[in-house]
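In what follows, a structure is listed as structure tokens, so that the remarks can point back to it.
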Amino acid sequence: MFIFRLLLKNAFRHKLRTLLTMLGLIVAICAFGLLRTIIDAWYAGVDGTSSTRLITRNAISLTFPLPLNYAERLKTVEGVTGISWSNWFGGIYITERNFFPQFAVEPASYLALYPEYVLNEDEKKAFILDRQGAIVGRKLANQYGWKIGDQIPLRGTIFPGTWAFTLRGIWDGVDAKTDESQFLFHWQFLAESVRKRSAKGADYVGVYVVRINEPNNAPLISERIDAQFKNSLAETLTETEKAFQLGFVSMSEAILVAINAVSFVIVIIIMAVMANTMTMTARERLAEYATLKALGFSPGFVVKLLFGESLVIALMGGGLGMLVTLPIAAAFAKAVGTLFPSFVVSETTMALQLLASAIVGVVAAAWPAWKMSRIDIVNGLRHVA
Amino acid sequence: MKQIPLSYIARNLWVRRVTTLLTAGGMALVVFVFATVLMMSEGIRATLVATGQVDNVLVLRKGAGAEINSGIDRGQAAIIESLPGIATNGNGLRLLSKEPVVLNNLPKRSNGKPSNVTVRGTSALALELRPQVQLKHGRMFRPGSSEIIAGQAIASGFRGAGLGETLHFAQRDWLVVGIFDSGKTGFDSEIWGDSEQMMAAFRRNAYSTIVFRLADQSAFDRLKSAIEADQRLQIEAKPEIQFYAEQSEALATFIRILGLSLSVIFSIGAVVGAMITMFASVAQRVGEIGTLRALGFRRTAVLLAFLLESLLLSLVGGVIGLFAASWMQTVDISTTNFQTFSELAFQFKLTPEIALKTLLFSLFMGFVGGFIPSWQAARMKIVDCLRAS
């Protein structure tokens, strides 16, 4: 207990310097946590996947559609218990800045495949019955202040023209990982409009969502599906929903690597600042340490003092930084809106923040401690700071 | 007014080498990040802007925004082809290329992970329309065959895209007969093949874009209004240079905003570091300050001396950081441009403007970090100072 009080007293002997150091730590630990959360959010789509769902798409790339008549053949594949399909719409709501994912889906079968979208029965029925109806996630509805019955116009980029939808329902996610930022409407409505414009291109879907009986059979069933359509005009590529989402993430890998690197650079910068503080502390107290040694304290004690002081400052700053992270993350999530499906500071992130501040504390004290444990008592006593 | 000599200021930094280096090191890291981010967004911009030619015009379906969303059927293409004002080459051919553009999922050489590569159907005229594109190895594809040429970033980055190798897509094997260098532009991340063969293989009946050269650059506005007035067309025409600049906007802006907000956060750390160092420097030299003042140096001279010391410190950090960042120019990176959803290879690019901005940024950190301690030093009373030692 005595030593702890000594450490605390020592740490705040130079109040201004300690406060400045702690300020630096707070900022750094907070930024570190925020960056880790951004990376987590990037992978959020992956976390929200189900192991009993497969995605079948055109083998060339996602921009190529699959014929509608594949649906019947997919149903007959052994192990498949349900299918639905969707088309990426890519419309613009008022201006390009308001980006959110929009899908044309086959309503009844799609909602059956996504039980994590919790929608009450009335809204579900209203959506299925209204061909121009749409449903959105809670987060998206809050973002734009939409209420049931609102008219939502979208300007198509892939499918030209202005499209008007009536909001028929708002779903809540079953847990924090569920994507609440999507906009879903009737595939049939899309197909009819396309048919009016030109005969071709109407009976095509973007991807098939396939439910399977047993997650362990996923590789086997994927193979069966792809074998079914081998050497046809539209060869398919089937993968688990997770692999499908990971494909998107890995495309922006360079950015993720950069963010990761940056979060480590932050820790290193703050290490330099901390180490600087500790070096000064040690230099100023050279005479004190020499006195302690002259009194018979071991070099180990001096080392402990320095490490202890460094850790006290680092952990206090780090702890405050962790506390600050939560409100800042909430504000950030609000500012970016629907860019990320979910934005939550995870426990792993907080553990890493704590670890980082401990490492900063230890590393910062290493060099001064080593030097101080070796000081010559006579020289030390003669030293004037 | 007498100045405190610069050599005195510089010597102070040298005396406390370890502290100076640690502070400057922290600043150097901040400056490094600041510079690389600016270099990255500049690199993306430079790559895409250089992709367009000044007197080329690009035609897309109205509202499409990107090549892969666009569709121009053969009828519309014929109308555009017959427009007046399109340049001709030495053989009397119109410099115009009708191009289907598709995204193809190909595995990377490094880890086998698939990424979207732009496949462009074009013709021999493409090389005349885009003089920055040069065949580096092999030869041009023969019209009417399943031969392709690949940009150098694709050839080195993707499996089966090297010279003499074959790629399998759209139910065919495509032989890579040439590698082209487009001088660090977006075309380096594309695969080119015969336009009609691509249309047949991918079963498309519409082109994505049409590119042509204007005979007279000033005729653009007239041509644009002629195209947009034509009810049959429903298309939009843009100078090629403007189109590619727009394609780079989202990614470059994203990186710049992310990077600048990080730099601001980091710089707080660096400013704190500088402030701690300068406070310590002042505290250690109270006696010296008193002596200087007693010798007749004014308060402003003391203020200036400490401020210059801080600025010098940050300049050292800035130069180290900038030097480290300049090495990033040797690194090639490629990522998905999420506006076009396809692969884009580019390099970090250091311009004099970025170098200047970076150094000013580091000096600014030194100024902010050094001002309060210097102010404190200047305000001390001579008597107190002398007594303190």
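First the proteins, then the strands, lettered A, B, ... as listed; each starts at 1.
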- Query: Is there a side-chain contact (heavy atoms from CB on, under 4.5 Å) between T277(B) and T20(B) once you walk through the steps?
  - Reply: CA-CA 8 Å; T277(B) 309; T20(B) 303; 5.8 Å; no

- Message: Is a donor from one side chain sitting under 3.5 angstrom from an acceptor on the other, for Y70(A) and S232(A)?
- Response: yes

- What class does the angle between the rings of F159(A) and W163(A) fall in, given that below 30° is parallel, 30 to 60° is tilted and above 60° is perpendicular? perpendicular

- Query: Which atoms of I276(B) come close to chain A, meaning under 4.5 Å heavy atom to heavy atom: side chain ones, backbone ones, both, or neither?
  - Reply: both

- Note on the structure: Per-residue tally against chain A (heavy atom, under 4.5 Å) across T19(B), N69(B), I265(B) peaks at T19(B)

- Measuring heavy-atom distances to chain A, does F279(B) have an atom under 4.5 Å in its side chain, in its backbone, in both, or in neither? side chain

- Message: What part of L21(B) gets within 4.5 angstrom of chain A, counting heavy atoms only: side chain, backbone, both, or neither?
- Response: neither

- Which region of L62(A), side chain (C-beta onward) or backbone (N, CA, C, O), has a non-hydrogen atom less than 4.5 Å from a non-hydrogen atom of chain B, or is it both or neither? neither

- Note on the structure: Most heavy-atom pairs under 4.5 Å with chain A, out of V102(B), I333(B), V18(B), belong to V102(B)

- Residue pair S61(A), N116(B): steps toward the side-chain hydrogen bond (donor to acceptor under 3.5 Å, both in side chains) verdict: CA-CA 7 Å; S61(A) 82; N116(B) 281 328; 4.6 Å; no

- Part of residues 27-44 of chain B lying next to chain A, heavy-atom separation under 4.5 Å: L29(B), V30(B), V33(B)

- Item | chain B interface, residue from I60(A), V273(A), L20(A), T157(A) that has the most non-hydrogen pairs under 4.5 Å | I60(A)

- Would K62(B) and E236(B) count as a salt bridge (Lys or Arg N to Asp or Glu O under 4.0 Å) if you check the C-alpha gap in whole Å, the side-chain angles of each, and the deciding distance to 0.1 Å? CA-CA 5 Å; K62(B) 202 169 237 161; E236(B) 89 195 283; over 6 Å; no

- Ranking R61(B), R16(B), M275(B) by heavy-atom pairs under 4.5 Å to chain A gives rank one to R61(B)

- Do Q197(B) and R172(B) have side-chain N/O donor and acceptor atoms under 3.5 Å apart? yes

- Query: With distance as the sole criterion, is a donor-acceptor pair present between the side chains of S334(B) and E343(B) under 3.5 Å?
  - Reply: yes

- Query: chain A heavy atoms under 4.5 Å from I268(B): which part of the residue, side chain, backbone, both or neither?
  - Reply: side chain

- Task: Answer with side chain, backbone, both or neither: which region of A275(A) has an atom nearer than 4.5 Å to a non-hydrogen atom of chain B?
- Result: both

- Of the backbone (N, CA, C, O) and the side chain (C-beta and beyond), which part of L233(A) lies under 4.5 Å from a heavy atom of chain B, both, or neither? both

- Item | L35(A) versus chain B, the contacting section by heavy-atom distance below 4.5 Å | side chain

- Side chains of N105(B) and S115(B), donor plus acceptor under 3.5 Å: no

- Note on the structure: Only one of D226(A), N58(A), V207(A) passes side-chain contact (heavy atoms from CB on, under 4.5 Å) with T236(A), and that residue is D226(A)

- Query: Pick from R285(A), R17(A), R13(A): which one makes a salt bridge (charged side-chain N to carboxylate O under 4.0 Å, His left out) with E309(A)?
  - Reply: R285(A)

- Pull out the residues in residues 260-271 of chain A that come under 4.5 Å of chain B, heavy atom to heavy atom, sorted by number. V262(A), V265(A), I266(A), I268(A), I269(A)

- Message: Could you tell me if S70(B) and S208(B) have a donor-acceptor pair between their side chains, going purely by distance under 3.5 Å?
- Response: no

- Should the pair F99(A) and W88(A) be assigned to parallel (<30°), tilted (30 to 60°) or perpendicular (>60°) ring geometry? tilted

- Counting distance only, does the side-chain N/O of Q76(B) pair as donor-acceptor with the main-chain N or O of I72(B) below 3.5 Å? no

- Note on the structure: Only one of T56(A), L237(A), I55(A) passes side-chain contact (heavy atoms from CB on, under 4.5 Å) with F244(A), and that residue is I55(A)

- Apply side-chain contact (heavy atoms from CB on, under 4.5 Å) to E190(B) and V119(B), showing your working. CA-CA 6 Å; E190(B) 295 191 355; V119(B) 178; over 6 Å; no

- Task: Count the heavy-atom pairs under 4.5 Å between each of Q171(B), K113(B), R204(B) and chain A, then report the option with the highest count.
- Result: Q171(B)

- Item | Pair S222(A)-T238(A), side-chain donor/acceptor within less than 3.5 Å | no

